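One structure is given here, and the rest of the page talks about it.
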Amino acid sequence: MSRKYLIAGNWKMNKTASEAADLIREIHAAVGSQTTVQVCVCPPFTSLAAASELVEQSEIILGAQDMSPHASGAYTGEISAEMLRDLYVGFVILGHSERRQYYGETNQSVNAKVLAAVQNNLKPIYCIGETLEEREAGQTLEVVRSQVREGLENFPAASVENLVLAYEPVWAIGTGKTATDEMAQEVHADIRKVLVELFGEGPGASVRILYGGSMKPENAAGLLAQPDVDGGLIGGASLTSRAFSGIVEAVLEA
Ligand code: PEP
């Protein structure tokens, strides 16, 4: 089963609209025309409109960092799937550990967002991963399996091709500590097994599982060479074209 690599940049709460435009232009110049690796940038909501026009002339796909599970109505501060589609957003990061940690998101609340995303033809990048305490207690696989099962409850089999998972050990996010290549592969292979259980052999094997957690050009090649690591969700290193494009190039040169 060949899965196209996806390198997605999670800009978090960084970059004004004009800074975002500059960074997209730089990324476009570096890796925006190649089609071997799928490249996605996820700026803050306030930059999506400007970014949308810029990525139109490139192979770069636009992503968002969150989304409401509701279609419309009295939900102050929220952004709907339809609003994202209107700006040609293709991917949406859901259940990022920062949203779980600071905004009380749970497998159940993220599940509602995942289902709303696919119903609206957005591709969810569903984030999962254990905390340091959970890893040290030997609970990594158990925690991640529950996150996969509960977050994907009632996920429509017909939309499996639009599903992306991101395994992001919480202790590796923004800390400079990366999972070793073997640690990442062990968890990715286990996630793959759960996906096969849920959706069957072929569809389960077609889902891309990204690694996230302090990925940078220096460690990307080893992680991305693992059989079940199908790309990266990149935080800190996605904020400069040099580092982000360096990760894409690590795949191209492999
Ligand atoms: C992230 O926030 O998704 C992430 C992986 O961050 P970083 O690359 O900075 O660890």
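First listed ligand is number 1; within each ligand, the first listed atom is number 1. Note that the structure is a prediction, hence the values are computed from the model and not measured.
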Which residues, ordered by chain and number, are linked to Val143 in its hydrophobic cluster, where ILVMFWY side chains connect at heavy-atom gaps below 4.5 Å, directly or through other members?
-> none

Under 3.5 Å, which donor-acceptor pairs link side chains of residues 156-166 to any protein atom two or more places apart or in another chain?
none

Using only heavy-atom distances, determine whether the side chains of Tyr167 and Glu130 contain a donor-acceptor pair under 3.5 Å.
-> yes

Under a 4.0 Å N-O cut-off, is there an ion pair linking Arg192 with Asp230?
-> yes

Go through the structure and list residues passing ring-ring contact (aromatic ring centres under 6.0 Å, His included) with Tyr126, not counting sequence neighbours.
-> none

Within the heavy-atom cut-off of under 4.0 Å, ligand 1 is lined by Asn10, Lys12, His96, Glu168, Ala172, Ile173, Gly174, Gly212, Gly213, Ser214, Leu233, Ile234, Gly235, Gly236

According to a 4.5 Å side-chain heavy-atom criterion applied to Ile, Leu, Val, Met, Phe, Trp and Tyr, with indirect links allowed, do Val187 and Ile173 form part of one hydrophobic cluster?
-> no

